[in-house]
2 protein chains.
Amino acid sequence: MSRPQRDDLELVVLAVLADSAQYGYAITKAVDARSDGRIRVGPSVLYPLLARLEKSGYVTARWDEVSSDRTEGPGRRRKWYALSSKGERRLAQHIEAHRARVSMLETFIAPHADAEPTP
Amino acid sequence: MSRPQRDDLELVVLAVLADSAQYGYAITKAVDARSDGRIRVGPSVLYPLLARLEKSGYVTARWDEVSSDRTEGPGRRRKWYALSSKGERRLAQHIEAHRARVSMLETFIAPHADAEPTP
DNA sequence: ACAGATATGTCGTGATACGATATATCTTGC
DNA sequence: GCAAGATATATCGTATCACGACATATCTGT
(Lines give C-alpha, C1' and ligand atoms only; values in the text may rest on other atoms or scores of the structure.)
Protein backbone atom coordinates (compact mmCIF):
# COMPACT_ATOMS: atom_id res chain seq x y z
CA MET A 1 0.00 0.00 0.00
CA SER A 2 1.76 3.06 -1.21
CA ARG A 3 -0.49 5.65 0.32
CA PRO A 4 -3.37 4.50 2.51
CA GLN A 5 -6.76 5.70 1.48
CA ARG A 6 -8.38 8.30 3.61
CA ASP A 7 -10.01 6.93 6.79
CA ASP A 8 -8.25 3.58 6.54
CA LEU A 9 -5.75 4.55 9.19
CA GLU A 10 -8.49 5.71 11.50
CA LEU A 11 -10.48 2.52 11.02
CA VAL A 12 -7.43 0.38 11.63
CA VAL A 13 -6.37 2.24 14.76
CA LEU A 14 -9.89 2.17 16.17
CA ALA A 15 -10.10 -1.56 15.42
CA VAL A 16 -6.84 -2.20 17.27
CA LEU A 17 -8.07 -0.21 20.25
CA ALA A 18 -11.36 -2.10 20.17
CA ASP A 19 -9.47 -5.24 21.09
CA SER A 20 -7.62 -3.65 23.97
CA ALA A 21 -6.27 -0.31 25.10
CA GLN A 22 -2.81 0.39 23.78
CA TYR A 23 -0.15 3.05 23.95
CA GLY A 24 1.03 4.76 20.80
CA TYR A 25 4.14 2.82 19.99
CA ALA A 26 2.32 -0.48 20.61
CA ILE A 27 -0.37 0.61 18.15
CA THR A 28 2.30 1.16 15.51
CA LYS A 29 3.63 -2.35 16.09
CA ALA A 30 0.18 -3.94 16.24
CA VAL A 31 -0.92 -2.37 12.96
CA ASP A 32 2.33 -3.37 11.31
CA ALA A 33 1.98 -6.96 12.52
CA ARG A 34 -1.70 -7.43 11.77
CA SER A 35 -1.40 -5.91 8.30
CA ASP A 36 1.62 -8.08 7.60
CA GLY A 37 3.72 -4.98 7.09
CA ARG A 38 1.40 -3.50 4.51
CA ILE A 39 0.40 -0.59 6.70
CA ARG A 40 3.09 1.41 8.42
CA VAL A 41 1.95 4.06 10.83
CA GLY A 42 4.92 6.26 11.57
CA PRO A 43 5.07 8.73 14.44
CA SER A 44 4.24 11.72 12.26
CA VAL A 45 1.04 10.02 11.17
CA LEU A 46 0.08 8.28 14.38
CA TYR A 47 0.33 11.04 16.94
CA PRO A 48 -1.61 13.68 15.02
CA LEU A 49 -4.21 11.00 14.32
CA LEU A 50 -4.47 10.03 17.99
CA ALA A 51 -4.73 13.71 18.91
CA ARG A 52 -7.63 14.07 16.46
CA LEU A 53 -9.32 10.97 17.84
CA GLU A 54 -8.95 12.21 21.38
CA LYS A 55 -10.18 15.68 20.51
CA SER A 56 -13.23 14.16 18.83
CA GLY A 57 -13.92 11.99 21.86
CA TYR A 58 -13.42 8.68 20.09
CA VAL A 59 -10.64 7.68 22.45
CA THR A 60 -9.67 8.56 25.98
CA ALA A 61 -6.03 8.99 26.92
CA ARG A 62 -4.18 8.42 30.15
CA TRP A 63 -0.52 8.89 31.00
CA ASP A 64 1.36 6.09 32.58
CA GLU A 65 4.80 5.91 34.14
CA VAL A 66 6.68 2.73 33.46
CA SER A 67 8.58 1.41 36.45
CA SER A 68 12.27 1.21 35.83
CA ASP A 69 15.33 -0.17 37.62
CA ARG A 70 16.58 3.26 38.43
CA THR A 71 14.94 4.81 41.42
CA GLU A 72 15.83 8.31 40.39
CA GLY A 73 14.22 10.51 37.74
CA PRO A 74 10.99 10.02 35.91
CA GLY A 75 10.46 6.71 34.20
CA ARG A 76 9.58 6.31 30.55
CA ARG A 77 6.28 7.91 29.73
CA ARG A 78 3.53 6.01 27.97
CA LYS A 79 0.20 7.39 26.87
CA TRP A 80 -2.52 4.76 26.87
CA TYR A 81 -5.47 5.12 24.56
CA ALA A 82 -8.80 3.42 25.10
CA LEU A 83 -11.81 3.33 22.80
CA SER A 84 -14.81 5.27 24.11
CA SER A 85 -18.38 4.27 23.44
CA LYS A 86 -18.47 7.10 20.94
CA GLY A 87 -15.41 5.54 19.37
CA GLU A 88 -17.16 2.19 19.16
CA ARG A 89 -19.95 3.81 17.22
CA ARG A 90 -17.38 5.54 15.05
CA LEU A 91 -15.73 2.22 14.29
CA ALA A 92 -19.08 0.69 13.38
CA GLN A 93 -19.72 3.64 11.06
CA HIS A 94 -16.34 3.17 9.42
CA ILE A 95 -17.03 -0.51 8.85
CA GLU A 96 -20.46 0.26 7.50
CA ALA A 97 -19.07 2.95 5.19
CA HIS A 98 -16.39 0.54 4.05
CA ARG A 99 -18.92 -2.14 3.13
CA ALA A 100 -21.09 0.39 1.31
CA ARG A 101 -18.07 1.67 -0.56
CA VAL A 102 -17.03 -1.82 -1.61
CA SER A 103 -20.44 -2.74 -2.97
CA MET A 104 -20.71 0.57 -4.76
CA LEU A 105 -17.31 0.26 -6.39
CA GLU A 106 -18.31 -3.21 -7.48
CA THR A 107 -20.78 -1.54 -9.82
CA PHE A 108 -17.90 0.11 -11.62
CA ILE A 109 -15.42 -2.72 -11.30
CA ALA A 110 -17.63 -5.66 -12.26
CA PRO A 111 -17.43 -5.17 -16.04
CA HIS A 112 -13.63 -5.15 -15.76
CA ALA A 113 -13.38 -8.10 -13.42
CA ASP A 114 -10.86 -9.69 -15.75
CA ALA A 115 -8.22 -7.50 -14.18
CA GLU A 116 -5.09 -9.60 -13.90
CA PRO A 117 -2.30 -8.98 -11.47
CA THR A 118 0.21 -6.82 -13.31
CA PRO A 119 3.27 -8.98 -14.16
CA MET B 1 -20.18 9.10 0.82
CA SER B 2 -19.12 12.22 2.60
CA ARG B 3 -15.65 12.48 1.18
CA PRO B 4 -14.57 9.90 -1.37
CA GLN B 5 -11.49 8.00 -0.42
CA ARG B 6 -8.34 8.69 -2.30
CA ASP B 7 -8.11 7.01 -5.72
CA ASP B 8 -11.80 6.13 -5.77
CA LEU B 9 -12.59 8.99 -8.10
CA GLU B 10 -9.76 8.03 -10.40
CA LEU B 11 -10.84 4.38 -10.46
CA VAL B 12 -14.43 5.32 -11.15
CA VAL B 13 -13.59 7.76 -13.94
CA LEU B 14 -11.22 5.28 -15.57
CA ALA B 15 -13.89 2.58 -15.33
CA VAL B 16 -16.43 4.83 -17.02
CA LEU B 17 -13.98 5.63 -19.80
CA ALA B 18 -13.18 1.93 -20.18
CA ASP B 19 -16.74 1.39 -21.37
CA SER B 20 -16.63 4.21 -23.88
CA ALA B 21 -15.00 7.55 -24.50
CA GLN B 22 -16.84 10.40 -22.87
CA TYR B 23 -16.63 14.13 -22.52
CA GLY B 24 -16.33 15.72 -19.11
CA TYR B 25 -19.89 16.63 -18.37
CA ALA B 26 -21.09 13.20 -19.53
CA ILE B 27 -18.63 11.59 -17.12
CA THR B 28 -20.14 13.56 -14.28
CA LYS B 29 -23.60 12.33 -15.21
CA ALA B 30 -22.47 8.75 -15.79
CA VAL B 31 -20.77 8.53 -12.40
CA ASP B 32 -23.78 10.05 -10.70
CA ALA B 33 -26.15 7.59 -12.39
CA ARG B 34 -24.07 4.46 -11.94
CA SER B 35 -23.34 5.20 -8.30
CA ASP B 36 -27.01 5.92 -7.70
CA GLY B 37 -26.15 9.46 -6.65
CA ARG B 38 -23.63 8.35 -4.06
CA ILE B 39 -20.69 9.83 -5.91
CA ARG B 40 -20.89 13.37 -7.17
CA VAL B 41 -18.02 14.60 -9.28
CA GLY B 42 -18.32 18.36 -9.52
CA PRO B 43 -16.42 20.46 -12.03
CA SER B 44 -13.77 21.53 -9.55
CA VAL B 45 -12.93 17.90 -8.90
CA LEU B 46 -13.41 16.45 -12.35
CA TYR B 47 -11.39 18.80 -14.51
CA PRO B 48 -8.24 18.83 -12.40
CA LEU B 49 -8.55 15.04 -12.23
CA LEU B 50 -8.89 14.72 -16.00
CA ALA B 51 -5.94 17.05 -16.44
CA ARG B 52 -3.87 14.80 -14.18
CA LEU B 53 -4.97 11.71 -16.06
CA GLU B 54 -4.12 13.29 -19.39
CA LYS B 55 -0.77 14.52 -18.15
CA SER B 56 0.05 11.04 -16.89
CA GLY B 57 -0.93 9.50 -20.20
CA TYR B 58 -3.82 7.46 -18.85
CA VAL B 59 -6.29 9.19 -21.13
CA THR B 60 -6.08 10.96 -24.44
CA ALA B 61 -8.13 14.07 -25.09
CA ARG B 62 -9.61 15.53 -28.24
CA TRP B 63 -11.64 18.67 -28.77
CA ASP B 64 -14.90 18.43 -30.59
CA GLU B 65 -17.23 21.06 -31.92
CA VAL B 66 -20.90 20.26 -31.56
CA SER B 67 -22.99 21.20 -34.56
CA SER B 68 -25.66 23.70 -33.73
CA ASP B 69 -28.68 25.24 -35.46
CA ARG B 70 -26.93 28.54 -35.77
CA THR B 71 -24.52 28.78 -38.62
CA GLU B 72 -22.62 31.65 -37.09
CA GLY B 73 -20.08 31.58 -34.29
CA PRO B 74 -18.33 28.60 -32.79
CA GLY B 75 -20.50 25.75 -31.56
CA ARG B 76 -20.38 24.36 -28.06
CA ARG B 77 -17.02 22.90 -27.22
CA ARG B 78 -16.66 19.38 -25.92
CA LYS B 79 -13.48 17.67 -24.86
CA TRP B 80 -13.62 13.92 -25.35
CA TYR B 81 -11.52 11.65 -23.20
CA ALA B 82 -10.52 8.13 -24.18
CA LEU B 83 -8.72 5.52 -22.12
CA SER B 84 -5.21 4.76 -23.36
CA SER B 85 -3.60 1.35 -23.04
CA LYS B 86 -1.57 2.79 -20.23
CA GLY B 87 -4.86 3.83 -18.67
CA GLU B 88 -6.18 0.30 -19.00
CA ARG B 89 -3.21 -0.95 -17.05
CA ARG B 90 -3.78 1.78 -14.52
CA LEU B 91 -7.37 0.73 -14.08
CA ALA B 92 -6.32 -2.89 -13.59
CA GLN B 93 -3.83 -1.73 -10.96
CA HIS B 94 -6.52 0.25 -9.17
CA ILE B 95 -8.82 -2.76 -9.12
CA GLU B 96 -6.03 -4.98 -7.91
CA ALA B 97 -5.10 -2.49 -5.18
CA HIS B 98 -8.73 -2.24 -4.20
CA ARG B 99 -9.08 -5.99 -3.79
CA ALA B 100 -5.85 -6.17 -1.77
CA ARG B 101 -7.03 -3.33 0.42
CA VAL B 102 -10.38 -4.99 1.07
CA SER B 103 -8.85 -8.31 2.09
CA MET B 104 -6.34 -6.55 4.30
CA LEU B 105 -8.95 -4.45 6.07
CA GLU B 106 -10.91 -7.63 6.64
CA THR B 107 -8.17 -8.65 9.04
CA PHE B 108 -9.01 -5.69 11.21
CA ILE B 109 -12.74 -5.67 10.64
CA ALA B 110 -13.49 -9.35 11.07
CA PRO B 111 -13.52 -9.39 14.87
CA HIS B 112 -16.03 -6.53 14.82
CA ALA B 113 -18.23 -8.00 12.11
CA ASP B 114 -21.23 -7.50 14.35
CA ALA B 115 -21.26 -3.89 13.23
CA GLU B 116 -24.89 -2.90 12.89
CA PRO B 117 -26.13 -0.11 10.70
CA THR B 118 -26.38 2.94 12.93
CA PRO B 119 -30.09 3.58 13.66
C1' DA C 1 30.02 3.52 27.05
C1' DC C 2 27.79 2.99 22.97
C1' DA C 3 24.28 1.34 19.66
C1' DG C 4 19.83 0.41 18.86
C1' DA C 5 15.22 -0.20 20.35
C1' DT C 6 11.53 2.09 22.76
C1' DA C 7 8.53 6.18 23.22
C1' DT C 8 6.33 10.66 22.12
C1' DG C 9 6.06 14.56 19.64
C1' DT C 10 6.69 18.86 15.96
C1' DC C 11 7.49 20.99 11.40
C1' DG C 12 7.29 21.74 6.47
C1' DT C 13 5.76 20.09 2.11
C1' DG C 14 2.91 18.22 -1.34
C1' DA C 15 -1.37 16.32 -2.83
C1' DT C 16 -6.15 17.00 -3.47
C1' DA C 17 -11.40 17.22 -2.50
C1' DC C 18 -14.51 20.89 -2.68
C1' DG C 19 -17.25 25.27 -2.53
C1' DA C 20 -17.32 29.45 -4.99
C1' DT C 21 -16.77 31.70 -9.02
C1' DA C 22 -16.35 32.73 -14.13
C1' DT C 23 -17.54 32.23 -18.98
C1' DA C 24 -20.04 30.64 -22.87
C1' DT C 25 -23.57 27.87 -25.44
C1' DC C 26 -27.91 25.41 -26.10
C1' DT C 27 -32.89 24.37 -25.06
C1' DT C 28 -37.47 25.07 -23.34
C1' DG C 29 -41.48 27.62 -22.06
C1' DC C 30 -44.05 31.79 -22.13
C1' DG D 1 -38.03 37.73 -28.41
C1' DC D 2 -36.33 36.55 -24.13
C1' DA D 3 -35.55 34.76 -19.62
C1' DA D 4 -34.52 30.64 -16.97
C1' DG D 5 -32.24 26.61 -16.63
C1' DA D 6 -29.47 22.91 -18.50
C1' DT D 7 -25.17 22.00 -20.76
C1' DA D 8 -20.07 22.49 -20.85
C1' DT D 9 -15.38 23.72 -19.41
C1' DA D 10 -12.23 25.78 -16.29
C1' DT D 11 -9.75 28.35 -12.24
C1' DC D 12 -8.99 29.89 -7.42
C1' DG D 13 -8.66 29.61 -2.44
C1' DT D 14 -9.11 26.84 1.55
C1' DA D 15 -8.88 22.91 4.53
C1' DT D 16 -7.33 18.43 5.36
C1' DC D 17 -3.81 15.15 5.92
C1' DA D 18 -0.05 11.54 4.80
C1' DC D 19 4.70 11.61 5.22
C1' DG D 20 9.77 12.39 5.58
C1' DA D 21 12.84 14.76 8.56
C1' DC D 22 13.87 16.19 12.76
C1' DA D 23 13.95 16.59 18.04
C1' DT D 24 14.10 14.67 22.73
C1' DA D 25 14.32 11.31 26.25
C1' DT D 26 14.45 6.52 28.25
C1' DC D 27 15.59 1.65 28.36
C1' DT D 28 18.32 -2.66 27.02
C1' DG D 29 22.02 -5.52 25.40
C1' DT D 30 26.91 -6.00 24.63
Side-chain angles (χ1 to χ4, degrees), chain A residues 1-13 21-33 35 38-56 59 61-81 97 101, chain B residues 1-13 21-33 35 38-56 59 61-81 97 101:
Chain A
M1 229 190 213
S2 57
R3 201 180 173 102
Q5 310 227 4
R6 183 191 312 278
D7 294 339
D8 276 9
L9 294 173
E10 184 172 322
L11 188 156
V12 155
V13 166
Q22 298 286 346
Y23 56 93
Y25 192 77
I27 295 173
T28 295
K29 295 300 179 187
V31 168
D32 189 292
S35 72
R38 281 172 291 180
I39 299 187
R40 299 281 180 87
V41 190
S44 61
V45 173
L46 181 67
Y47 293 109
L49 169 58
L50 287 173
R52 287 199 301 274
L53 292 175
E54 189 183 359
K55 193 180 175 186
S56 302
V59 301
R62 192 174 71 77
W63 279 105
D64 182 41
E65 211 129 304
V66 179
S67 58
S68 69
D69 295 346
R70 300 194 306 123
T71 40
E72 317 163 45
R76 168 177 286 162
R77 301 182 316 149
R78 277 180 185 159
K79 199 172 180 181
W80 289 80
Y81 294 89
R101 175 180 169 274
Chain B
M1 230 192 214
S2 57
R3 201 180 173 103
Q5 310 228 2
R6 184 191 312 277
D7 295 339
D8 276 8
L9 294 172
E10 184 172 322
L11 188 156
V12 154
V13 166
Q22 298 286 348
Y23 57 92
Y25 193 76
I27 295 174
T28 296
K29 296 300 179 186
V31 169
D32 189 291
S35 72
R38 281 172 292 180
I39 299 187
R40 298 281 179 87
V41 190
S44 61
V45 172
L46 181 67
Y47 294 110
L49 170 57
L50 287 173
R52 287 199 301 274
L53 291 175
E54 188 182 0
K55 193 180 175 187
S56 303
V59 301
R62 192 175 70 76
W63 278 103
D64 183 41
E65 211 129 303
V66 179
S67 59
S68 70
D69 293 348
R70 301 192 307 121
T71 39
E72 316 163 46
R76 168 177 286 161
R77 301 181 318 149
R78 276 181 185 159
K79 198 171 180 182
W80 289 80
Y81 295 89
R101 176 180 168 274

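Below, chains carry the letters A, B, ... as their sequence lines are ordered, and counting in each starts from 1.
Looking at A:Lys79 and A:Asp64, no side-chain N of the basic residue comes within less than 4.0 Å of a carboxylate O on the acidic one, giving no salt bridge.
Residues satisfying the ring pair (Phe, Tyr, Trp, His ring centres under 6.0 Å) test with A:Tyr47, not counting sequence neighbours, are none. The side-chain hydrogen bond (donor to acceptor under 3.5 Å, both in side chains) check on B:Glu10 picks up B:Arg90, B:His94, with sequence neighbours excluded. With sequence neighbours excluded, no residue forms a side chain to side chain contact (heavy atoms under 4.5 Å, CB included) with A:Arg62. The salt bridge (Lys or Arg N to Asp or Glu O under 4.0 Å) test applied to B:Arg40 returns B:Asp32, not counting sequence neighbours.
Atom CG of B:Leu50 is separated from atom C1' of C:dC18 by 16 Å (rounded to the nearest Å). Between A:Asp32 atom CG and C:dA5 atom C1' the separation is 14 Å, expressed in whole Å. The CD atom of B:Glu10 sits 13 Å away from the C1' atom of C:dA15 (whole-angstrom rounding). Between the CG atom of A:Leu49 and the P atom of D:dC19 there is a distance of 11 Å, rounded to whole Å.
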Could you list all N or O pairs between the protein and nucleotides 7-11 of chain C that sit under 3.5 Å apart?
unit_1, atom_1, unit_2, atom_2, d
C:dA7, OP1, A:Tyr23, OH, 3.3
C:dA7, OP1, A:Arg78, NE, 2.8
C:dA7, OP1, A:Arg78, NH2, 2.2
C:dA7, OP2, A:Tyr23, OH, 2.8
C:dT8, OP1, A:Lys79, N, 2.9
C:dT8, OP2, A:Gly24, N, 3.3
C:dT8, OP2, A:Tyr25, N, 2.5
C:dT8, OP2, A:Tyr47, OH, 3.0
C:dT8, O5', A:Tyr47, OH, 3.3

Could I get a table of every N or O pair under 3.5 Å where one atom is in the protein and the other is in nucleotides 1-5 of chain D?
none

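A donor-acceptor contact under 3.5 angstrom links the side chains of B:Arg101 and B:Gln5, judged on distance only.
Residue A:Thr28 holds its OG1 atom at 10.0 Å from OH of A:Tyr23, rounded to the nearest 0.5 Å.
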